[in-house]
Amino acid sequence: MESEDLQIGPEIFGELLQGCVYERAIHTGQQIHARILKNGDFFARNEYIDTKLVIFYAKCDVLDVANRLFFRLRVKNVFSWAAVIGLNCRMGFNEEALIGLVEMQQMGVFPDNFVLPNVLKACGALALVGVGRAVHGYTLKVGFDGCVFVGSSLIDMYGKCGFLDDARKVFDGMIERNVVAWNSMIVSYVQNGINEEAIKVFHEMRSEGIELTRVSLMSFLSASANLDALEEGKQGHAIAIIGGLELDNIFGSSILNFYSKVGLIEDAELAFSIIVEKDIVTWNLLISSYVRHGLVEKALNMCHLMKSKNLRFDCVTLASILAAAADTSNLKLGKEGHCYCIRNNLESDVAVASSIVDMYAKCERIDDAKGVFNSITNRDIVTWNILLAAYADFGLSGEALRIFYQMQLEGVSPNVISWNSVILGFLRNGQLNEAKDMFSQMQSLGVQPNVITWTTLIAGLAQNGHGNEAILVFQNMQEAGIKPTAASITCALSACKDMASLRNGRAFHGYVTRHDLCLLTPIATSLVDMYGKCGNTHQAKRVFDMVLSKELPLYNAMISGYALDGQAGEALALYKHLQKEGIDPDNITFTNLLYGCNHAGLINEGLELFCSMISKHRVNPSMEHYGCVVSLLCRCGNLDEALRLVVKMPYDPDAHIIGSLLAACRAHQENELADYLSKHLLQLEPENPGNYVAISNAYAAAGSWNEVSKVRDLMKEKGLRKYPGCSWIQIGEEVHVFLAGDRSHSNTEEIYAILASLGMEMRFNAEILHS
DNA sequence: ATAGGGTTAG
């Protein structure tokens, strides 16, 4: 363009602009635009050039100029309409894109196969399947259905709207399919959680010899990650390497995401390290992965590293940090995160604000949580559910219910998670009927209980002493076609354990074996626990031996089983073995061991254990630990030492300890002290039947059966007939009650002896064997 | 036309 005299026709300028469109050369295009204006009306009012200018500015994403030029166009053809609709679509102005479609038709311009993909994209984004269907009908009528671009867009639109069958029908009906069509089908499945089908289509695509793109692999990796499909995903990674696909930050992140979701943290770290151009998403992925796997330290180190590289945290980073604070109940960290959000205006994001509420709730600052919640203006269902869950978790069922109604008044209808929390709140507060009522209400309102609803109910019933009902609910869940999780089975086994119901426990063991779930550590631990509490240490040991990598809870369960069964020697042997394996015992281990020693009368071992627990293992003794030792001392006749320990310990003695002392006093004819202790016990908890049992125990230990009867009459008078946590025996017409599972008392052998002398068997009341 | 990250319930 050296000379203005040179005769250049409008077509040349058009061609030049087209070149700028291809290159997205905004500055060159603007210079050409200037030259056109300079050349006067002959050029500037040329329809062809005007249209090209609109297309140019539209393709370069200059919205205002493109719109202004388009508005001024005298003749709007299909090309300029396509450009403007496409631009609106790219900018996310989906409504405008659809309005454009309607206007162009009103002006007599009909959409072609360049406009339709954009229109369909807008339908998908707005989930307007009705409009999408109409467009689909139009494509069939006009005969665009052979176009791969239109076909792919239809698949995508149906996929985004959740109509997978329609998407599949379009896919199957396509005469010609390119990579994008295949990819759209796979992506649709992944986005709708139908990961298995996505993987199937991916394999089909490969066997048809279609050359994969990064998009194919990214969606495949996503499906593999969602399914925890380790081998599939690794294979995808290998295909990417062999195919030499460029590993940009987006593709790299999807590999990183896969490894982190399947729990291969080291591989995720490796993927992170080889991504050259790390962006905020890359960092966030690794950080959230650390948080998900409880590696809070590593997550925070990453944040510091980000800071040192002058990268700013965004909403997602903060959500991870706040989740880390919530998980570890780290209020200091949580407050730091909260402050960062305020300083950087991140609390306007719902997800971040919700994380702040959750963080305060998990740090037991429910009032702060409520305060932040109140300040959130754009609450969504998740925000409401977080607050609801917080109240439910604390057993504040009334508050939870208030929130549940309030959210509905504000137009947010509760989902399964909301209902689950309300039910949990009631169960935590012991309101079983209210919980069950909610459970049926949700169903009549059309909200289907999921596996968590069922498990919550099972756990709640079991924990409130309704084991049989818990087991019935487990059966109902199966009848409803809900597959139990490890947690559901653990809860059911715990119900069997609490009822000492070997019959039910065995049935669940069968279930677990049939479904190949024996090797899951939490389930194996529950089985050992159940067999142990049911007195079948033989079976417990068989399950225990089957577990390959044994962890502390499993040892604790087995030790507890031996201890309860009076096999203190076995329990102590296991304790030695555990230490040889390099596992540190915890306070539960010692509770069980001390109880075992107490139960078996191993006085020296018990006292030695207590000393080594404090001095060597630095375990702060609990009331239960003291209880066992007091009982041991009482048993070996050292009442004075027992009393000294009780005075010295940093707790107010509980009913168990007083019971031990009481029995020892009666046995030593220290009746004055015994009477004092009895009185004290009843003052402590006048309505607790366990205390009457302890008093009666003490008389029984001293052989004063008349007094035992008197205490029983007193109980009857007070209406205290149910006494959880104790066992009874029947001798002729007399029923004598004893504490069972009482760690400070072990009169089982004495009872056996009495019964044997009477030629009778012992009968345990299964329901109350264990408290 | 297709692609990557964060918040809720056991």
Side-chain angles (χ1 to χ4, degrees), chain A residues 86 89 113-114 116-118 120-121 124 147-157 159-160 178-188 190-191 213-222 225 248-258 260 275 279-289 291-292 313-323 326 346 349-359 361 380-390 392-393 415-425 427 450-460 485-488 490-491:
Chain A
C89 223
N113 53 344
F114 289 85
L116 292 174
N118 281 321
L120 287 166
K121 190 180 176 183
C147 174
V148 276
F149 286 77
V150 174
S152 304
S153 303
L154 280 169
I155 296 170
D156 180 57
M157 181 275 295
K160 291 265 177 359
N178 63 2
V179 211
V180 179
W182 285 92
N183 288 350
S184 300
M185 195 63 242
I186 297 173
V187 167
S188 293
V190 175
Q191 282 173 345
T213 64
R214 286 180 298 172
V215 176
S216 335
L217 279 160
M218 281 189 277
S219 40
F220 175 69
L221 282 167
S222 183
D248 63 1
N249 51 0
I250 297 184
F251 192 16
S253 295
S254 83
I255 293 170
L256 166 51
N257 179 51
F258 163 74
S260 102
I275 297 170
D279 63 8
I280 181 86
V281 176
T282 323
W283 286 90
N284 283 343
L285 266 169
L286 192 62
I287 292 170
S288 71
S289 156
V291 173
R292 242 203 316 273
F313 301 155
D314 71 355
C315 294
V316 180
T317 328
L318 260 299
S320 286
I321 293 172
L322 289 161
L346 298 177
D349 183 280
V350 217
V352 169
S354 302
S355 305
I356 296 171
V357 176
D358 191 44
M359 179 275 295
D380 63 7
I381 176 97
V382 177
T383 323
W384 283 100
N385 279 350
I386 286 172
L387 194 69
L388 192 50
D393 198 35
N415 61 12
V416 209
I417 298 177
S418 329
W419 284 95
N420 288 352
S421 285
V422 174
I423 293 171
L424 177 72
L427 292 169
N450 63 14
V451 66
I452 292 174
T453 326
W454 288 98
T455 306
T456 306
L457 200 55
I458 294 167
T485 61
S488 338
T490 304
C491 292

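Quick note on labels: first sequence line is chain A, next is B, and so on, each numbered from 1.
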Exercise. Verify side chain to side chain contact (heavy atoms under 4.5 Å, CB included) between A/Met157 and A/Lys121, making sure each step is shown before the conclusion.
Key: CA-CA 6 Å; A/Met157 181 275 295; A/Lys121 190 180 176 183; over 6 Å; no

Practice problem: List the steps, then state whether side chain to side chain contact (heavy atoms under 4.5 Å, CB included) holds for A/Ile321 with A/Phe313. | Solution: CA-CA 10 Å; A/Ile321 293 172; A/Phe313 301 155; 4.2 Å; yes

Quiz item: Please walk me through it: do A/Asn178 and A/Asn183 pass side-chain hydrogen bond (donor to acceptor under 3.5 Å, both in side chains)?
Solution: CA-CA 9 Å; A/Asn178 63 2; A/Asn183 288 350; over 6 Å; no

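Among the protein residues, A/Ala389 comes within range of the sugar-phosphate backbone only, with heavy atoms under 4.0 Å from sugar or phosphate atoms but none that close to a base. Within the 4.0 angstrom heavy-atom criterion, no nucleotide atom of any strand lies near A/Ser219. As judged by a 4.0 angstrom heavy-atom cut-off over every strand, A/Val357 is placed among residues making no nucleic acid contact. Residue contacts for A/Ile250: at a heavy-atom cut-off of 4.0 Å it reaches a base atom on one of the strands shown. Looking at heavy-atom distances under 4.0 Å, A/Thr485 makes contact with a base. Residue A/Val382 is classed as a base contact, given a heavy-atom separation below 4.0 Å to a base. Among the protein residues, A/Asn118 comes within range of the sugar-phosphate backbone only, with heavy atoms under 4.0 Å from sugar or phosphate atoms but none that close to a base. In this structure, A/Leu285 reaches the sugar-phosphate backbone alone: every heavy-atom distance under 4.0 Å involves primed, P, OP1 or OP2 atoms, never a base. Within 4.0 Å (heavy atoms only), A/Leu388 reaches no atom of the nucleic acid at all.
The salt bridge (Lys or Arg N to Asp or Glu O under 4.0 Å) pairs that include a residue from residues 313-322 of chain A number zero, where partners must be two or more places apart or lie in different chains.
Remark: A/Asp349 engages no residue in a salt bridge (Lys or Arg N to Asp or Glu O under 4.0 Å) (not counting sequence neighbours).
Between A/Ile250 and A/Met218 the shortest heavy-atom distance is CG2-SD, 3.8 Å.
Once you apply a 4.0 Å limit to the heavy atoms of chain A, the touched nucleotides of DNA chain B run 5' to 3' over B/dA1 to B/dG10.
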